[in-house]
Amino acid sequence: MAKLNWICLLCILTILLSGCWSKRELNELAIVVALGIDKIDEDYEITVQIVDPGEISMRQASTQRSPVVSYHSRGETIFEAIRKMTTIAARKPYFAHLQVVVLGEDLAEEGISDALDLIVRDHEFRKDFDVIMSHEATAKEVLNVLTPIEKVPANKLLNSLDVSEKAWGSTIAVNIDELVNTLSNKQKGALISAIEIHGDKKLGVDQTNVQRVKTPVLLQYAGLAVFKGDKYMGLLTESESKSISFLNDKIQSTIEIIACPNKGTLSTEITQSTTKVKGSFKNGKPKIDVHINVEQNVGEVECDIDLTKNKSIDYVNKKTAQGIDERVEKTLEKIQQQYEVDVFGFGDALHRANPKQWKKIKDEWTSIFPDLAVAVHVKVTTQGLGTLQNSLLSKPKEE
């Protein structure tokens, strides 16, 4: 009897578990790797960058077709625009492999919260893609540019963002979850890396853009876009963006250039940077102390300086620290006085330091932040001189 029951159970399970009721074949889908959102009058214009599998396959000989196809559609809502795209696309757009979302500058100026609602709400969108903003161009124009080396432009956008963040420090990769969490924090402002088109935008869509030794049209990251609430306020310069990365403990590596004692310059490579932000209250007034500890190697010497002497290394450390401190102070002043938005998380530091005092000033933080006292302390240590202790310009002393 028990054996019969098991057989019946197995038969029922085979009926219930067989097949995939929601399966979709690959040849029925258009794999979207990049999504662009622009605001045109009262409508949204959506651009999707779809991979042509045949053109990026290693097993199949390449033709003259583009490795990606862009489709565009407009609607009163993003949802409507995406659905209307089925009237022009051969397959239904599939967003589970989305890698990057480009927000148009016009959209960013009006506010990005409504545009992100569908992306966050829809179960088909995974939450591991990055968000960037187009500067002095539309998202549509950015996603229409064909790129060399990387066949899929979305991969170029992601790889450049990642490499620049690790080796230069003027960009920050922000995924959708991080952005939404920041936007929901009324005491904190968001930062998004901004992309520009260099060259004639019309030439970027042509296949010849990737067939020349000197590419006529390039996509280049310009710096960090500052948001107050969900609205774009302005773009920071490359130098200011690096200062933001120092303050937010995002620097992994970058280059510093200092003036030598006599003439010429010396370049160092930052190999490690650690930033600690400490909040405190004195007589009820908030204060922030920022400690930036930097380790570096001497990278390039274009002056006559004896690096075998301790005083020379002390000079290099002092000048590097001074340069970082000056730029950070200027960036702090600009953020506090011009944008008046806490993009550093200073409010969180004060909350951690004294929750009771923070609760008293929390609702007035936007008016307190511009006059917040911030002390920056930079310490630099030089670890290595490379394989050559002194510059080739150093002349041996005559005996």
- Task: Answer yes or no: does atom CD of Q322 have more than 12 heavy-atom neighbours from other residues, nucleotides or ligands under 6.0 Å?
- Result: yes
- Message: Among residues at least two apart in sequence or on other chains, which ones pass side-chain contact (heavy atoms from CB on, under 4.5 Å) with D348?
- Response: N185, K188, R352
- K360 atom NZ, neighbour heavy-atom count above 12 within 6.0 Å: no
- Message: Within the 4.5 Å heavy-atom criterion, are P261 and I305 side-chain neighbours or not?
- Response: yes
- Heavy atoms only: give me the nearest M233-F227 pair and the separation to one decimal. CG-C, 4.2 Å
Scan the side chains in residues 272-294 for donor-acceptor partners under 3.5 Å anywhere in the protein, sequence neighbours excluded, and list what turns up.
from	atom 1	to	atom 2	distance (Å)
T275	OG1	F246	O	2.5
D289	OD1	H377	NE2	3.2

- Message: Looking at E256 and R327, is any side-chain nitrogen of the basic one under 4.0 Å from a carboxylate oxygen of the acidic one?
- Response: yes
- Given the rule in the side-chain contact (heavy atoms from CB on, under 4.5 Å) test, do L118 and I82 qualify, once you have shown the distances and angles that lead to the verdict? CA-CA 11 Å; L118 171 68; I82 290 175; 3.9 Å; yes
- Query: How long is the span from the CG atom in L332 to the CZ atom in F344, to the nearest 0.5 Å?
  - Reply: 4.5 Å
- Ignoring hydrogens and angles, tell me if any N or O in the side chain of S312 forms a donor-acceptor pair with the backbone of T308 under 3.5 Å. no
- Listed partners of E340 passing side-chain contact (heavy atoms from CB on, under 4.5 Å), at least two apart: K228, P370
- So D106 and T138, side-chain contact (heavy atoms from CB on, under 4.5 Å) or not? Walk me through it. CA-CA 8 Å; D106 289 342; T138 63; 5.5 Å; no
- In this structure, are over 12 heavy atoms from other groups packed under 6.0 Å from K319 atom NZ? no
- Task: Check whether any side-chain N or O of T271 sits under 3.5 Å from a backbone N or O of E295 as a donor-acceptor pair, and report yes or no.
- Result: yes
- Paired with F369, the side-chain contact (heavy atoms from CB on, under 4.5 Å) test is passed by just one of V374, V341, I361, I335, namely I335
- Looking only at heavy atoms, which two atoms of K140 and D38 are closest? And how far apart? N-OD2, 3.0 Å
- Query: Would you say W365 and L372 make side-chain contact, with heavy atoms under 4.5 Å?
  - Reply: yes
Cut-off 3.5 Å, no hydrogens considered: what does the side-chain donor-acceptor table look like for residues 153-164, sequence neighbours left out?
from	atom 1	to	atom 2	distance (Å)
N155	OD1	Q99	NE2	3.4
K156	NZ	S160	OG	2.5
K156	NZ	L219	O	3.3
N159	ND2	E150	OE2	2.7
N159	ND2	N155	O	3.2
S160	OG	K156	O	3.1
D162	OD2	K166	NZ	3.4
S164	OG	T171	OG1	3.3

- Item | Which atom of L235 lies closest to which atom of A225, heavy atoms considered | CD1-N, 3.9 Å
- Message: For V378 and V376: C-alpha separation, side-chain torsions, deciding distance, then whether side-chain contact (heavy atoms from CB on, under 4.5 Å) applies.
- Response: CA-CA 7 Å; V378 183; V376 179; 3.9 Å; yes
- Item | For L183 against G229, the heavy-atom pair lying closest together | CD2-O, 3.2 Å
- Task: Would you give the length of the straight line joining atom OG1 of T381 to atom CG of N297, rounded to the nearest 0.5 angstrom?
- Result: 11.5 Å
- Apply salt bridge (Lys or Arg N to Asp or Glu O under 4.0 Å) to E105 and list each qualifying residue two or more places apart in sequence or on a separate chain. none
- List for me each residue that meets side-chain contact (heavy atoms from CB on, under 4.5 Å) alongside K250, sequence neighbours excluded, and say none if there are none. I172, S245, N248
- What distance do T77 atom OG1 and D43 atom CG have between them, rounded to the nearest 0.5 Å? 9.5 Å
- Backbone N/O of G299 and side chain of S267: donor-acceptor pair under 3.5 Å: no
- Side-chain (K92) to main-chain (T86) donor-acceptor, under 3.5 angstrom: no
- Message: If we ignore hydrogens and angles and just use 3.5 Å, is the side chain of D325 paired with the main-chain N or O of A321 as donor and acceptor?
- Response: no
- Message: Check whether R91 reaches the backbone of A30 with its side chain - one donor and one acceptor, N or O, closer than 3.5 Å.
- Response: no
- Message: For the OG atom of S70 and the CG atom of N144, what is their distance to the nearest 0.5 Å?
- Response: 4.5 Å
- Taking the side chain as every heavy atom from C-beta outward, state whether V51 and P67 have any atom pair closer than 4.5 Å. no
- Message: How about CD on Q337, more than 12 heavy atoms from neighbouring residues, nucleotides or ligands closer than 6.0 Å, or not?
- Response: yes
- Residue F125 excluded, over 12 heavy atoms near CZ under 6.0 Å: yes
- Query: Where do E110 and K231 land on the salt bridge (charged side-chain N to carboxylate O under 4.0 Å, His left out) test, with the steps shown first?
  - Reply: CA-CA 6 Å; E110 288 192 21; K231 291 181 172 60; over 6 Å; no
- Message: Please check: side-chain N/O of E196 versus main-chain N/O of H135, any donor-acceptor pairing under 3.5 Å?
- Response: no
- Query: Would a 4.5 Å heavy-atom cut-off, applied to side chains only, mark E238 and Y221 as touching?
  - Reply: no
- Okay, side chain of T215, backbone of V217: is any donor-acceptor separation there less than 3.5 Å? no
- Between the side chains of Q296 and T382, does any donor sit under 3.5 Å from an acceptor? yes
- Task: Spell out, yes or no, whether V301 and I257 are grouped together once hydrophobic residues are joined by side-chain heavy atoms under 4.5 Å, including indirect joins.
- Result: no
- Query: Side chains of R126 and L98: closer than 4.5 Å at any heavy-atom pair?
  - Reply: no
- With the side chain counted from C-beta on, respond yes when L266 and V316 share a heavy-atom pair under 4.5 Å apart, and no when they do not. yes
- Query: Once you round to the nearest 0.5 Å, how far does CG of D230 lie from CG of L179?
  - Reply: 9.5 Å
- Within-4.5 Å side-chain heavy-atom neighbours: F346 and Q336: no
- Message: N175 vs D128, test: side-chain contact (heavy atoms from CB on, under 4.5 Å). Steps then yes/no.
- Response: CA-CA 6 Å; N175 65 42; D128 57 352; over 6 Å; no
- Message: I'd like to know whether CD1 of I40 has more than 12 heavy-atom contacts from other residues, nucleotides or ligands below 6.0 angstrom.
- Response: yes
- Mind listing the closest non-hydrogen atom pair of H72 and I88 along with its distance? O-CD1, 3.2 Å
- Option from D117, I46, L35 for which side-chain contact (heavy atoms from CB on, under 4.5 Å) with I78 holds: I46
- Query: So with a 6.0 Å cut-off around CG of D114, is the heavy-atom count from everything else above 12?
  - Reply: no
- Just wondering, do D41 and R74 contact through their side chains at under 4.5 Å, heavy atoms? yes
- Message: Would T254 and K242 count as a side-chain hydrogen bond (donor to acceptor under 3.5 Å, both in side chains) here? Give the steps.
- Response: CA-CA 9 Å; T254 190; K242 286 173 66 176; 3.1 Å; yes
- Considering non-hydrogen atoms only, spot the tightest contact between Y71 and I50 and give its length. CD1-CD1, 3.5 Å
- Query: Rounded to the nearest 0.5 Å, how far apart are NZ of K330 and OG of S239?
  - Reply: 8.5 Å
